[in-house]
Protein chains: 2
Amino acid sequence: MGGSTAAPFVTLRGEAELVRRAGDLIASAREEYLCGATDLVTWSAGTNAVFDGGRRPPLRPGPGGLAMRKVYTRRALGDPESERRLARIAASGAQVRISSAPLAREAMVIDGRVAILAGSEARGARTYTVVREPDVVEGIRSLLYATWEAAEDLAGCLGSADRPVLDEESRAVLGALAAGLTDEAAARRLGMSLRTYRRRVAALMADLGATSRFQAGVLSRRAG
Amino acid sequence: MGGSTAAPFVTLRGEAELVRRAGDLIASAREEYLCGATDLVTWSAGTNAVFDGGRRPPLRPGPGGLAMRKVYTRRALGDPESERRLARIAASGAQVRISSAPLAREAMVIDGRVAILAGSEARGARTYTVVREPDVVEGIRSLLYATWEAAEDLAGCLGSADRPVLDEESRAVLGALAAGLTDEAAARRLGMSLRTYRRRVAALMADLGATSRFQAGVLSRRAG
DNA sequence: CCCGAACTGGCAGCAACGTGCCACCCCCGA
DNA sequence: TCGGGGGTGGCACGTTGCTGCCAGTTCGGG
């Protein structure tokens, strides 16, 4: 494959070398391109350069085509620019999901044959390790796929960037609601009047777009 | 560590060899023992043998102690025997979580220094690969930790084995509730009387142990 | 055929929730 | 000092949800 050796693993230094030495490898994906990263700033610059060279095979979501699965963390959301880029990636046929867990190191598995792991950022240039040992690659793929499975589809996360800041008091109200207290008991516990408590609940339900308390419970848990 | 070599990775054949060659390694965990597996039948027999030799350091949940984190899939639940073993593991100080995603290959990371990945079961004896390359180990740890983070605490899953079978009608009722319909509209849509619909809701809430509809919504989403 | 168990539906009454209205208070700018 | 806006609490009233009671139905066994 390209000019790379058949050694169990090779360490590359910096994205430039990654693209030069492993570009062919990345572009050779035929069945599955599985990729996990915290956000879009690291990692993707290099691989996008690979694909922008026109060497990416067509994405066919159907069986037999290349399944492109990407997992990012919530840090990939946040600003509109990132969200737009994510939406563009998703629109190009890739399946994009957002994991609620942190992904400290970027990882990538190609067709279950090769894994590429990012190293630490120490000493300026980031290192990348290319792994070919089948059992190790399959183990990494298994873990990355588990993270993928546990993550939520991008579509369900896109609008959530504007409501991560939840009032401290609102959290208390949600807690009381989730605890199954009656309005009266909840208001007493929170030290506010029944009227005010119900105002809070009404505001929360309006925020969630819920028309019943059951629905509000479902939606609130979905949003965290 | 022990008699093992410093090679980038070593492949061991069968659990017996795993215990013989990597037992010291496993028992040498001092900071973090991170482990993922589908269930308790594979993998744990060997490692338990290691620990049963009295070589496991004391688990101190506090800082500075050994953090023992185990992720299993739902297949580790199901029968009472497995649940009892899991509860025993958790009671011994390990942090046990259940991942909703499949974990095709068992994986284990010790103190962020060594990773052990299970191979396929082909050819009778299962193989195990011991990885020492720092960047690869850290990449694996990152992925395994993400799976750990995304998984749910065992305590929240224990009672769930006896309610995976949910009545078709109950699902419809839950759907109507989650849709935010009033009882009247829901009963009409489901073709039953208001009284019967409310009976269903009351039964569901009793099953969930909820005392308010909001709480029922939260709990129902947690249970799926 | 009768009986009982299990389920359903209607009714009534009560508890809980939702909201409009108004009085009150506090803060801030004029 | 005087409003005015914004948040709060009390009150009232309507809606929705919860449940005990009873009558009707279905089904199976005796």
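The sequence lines fix the lettering, A, B, ..., with proteins before strands; numbering per chain opens at 1. The model shown is predicted, which means the values in this text are computed figures rather than measured ones.
We find that CG of B:Leu177 is positioned 15 Å from P of D:dT16, with the value rounded to whole Å. The CZ-C1' distance, from B:Arg213 to D:dT15, rounds to 13 Å in whole Å.
Side-chain polar atoms of A:Gln215 and A:Thr211 form a donor-acceptor pair below 3.5 angstrom. If you check the side chains of A:Thr73 and A:Asp39, you find no donor sitting under 3.5 Å from an acceptor.
Contact check for B:Lys70 versus B:Trp148: no side-chain heavy atoms found under the 4.5 Å cut-off.
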Contacts table for residues 197-204 of chain A: side-chain donor-acceptor under 3.5 angstrom, sequence neighbours left out:
from	atom 1	to	atom 2	distance (Å)
A:Arg198	NE	A:Asp183	OD2	2.9
A:Arg200	NE	A:Glu169	OE1	2.6

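Proximity of residues 185-200 of chain B to DNA chain C (heavy atom under 4.0 angstrom from any strand atom) is restricted to B:Ser193, B:Arg195, B:Thr196, B:Arg199, B:Arg200.
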Q: Just do the side-chain contact (heavy atoms from CB on, under 4.5 Å) check on A:Arg126 and A:Glu106 with the steps written out, would you?
A: CA-CA 11 Å; A:Arg126 199 185 192 91; A:Glu106 285 79 12; 2.8 Å; yes
**Q.** Evaluation steps, side-chain contact (heavy atoms from CB on, under 4.5 Å), between A:Val137 and A:Arg113
**A.** CA-CA 6 Å; A:Val137 171; A:Arg113 293 181 349 252; 5.7 Å; no
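Rounding to the nearest 0.5 angstrom, the gap separating the CG atom in A:Leu103 from the CG atom in A:Leu144 is 8.0 Å.
Between B:Glu152 and B:Arg97, no side-chain nitrogen of the basic residue sits less than 4.0 Å from a carboxylate oxygen of the acidic one, so the salt-bridge criterion is not met.
With a cutoff of under 4.0 Å to any heavy atom of chain B, the contacted region of DNA chain C is bounded 5' to 3' by C:dT8 to C:dC11.
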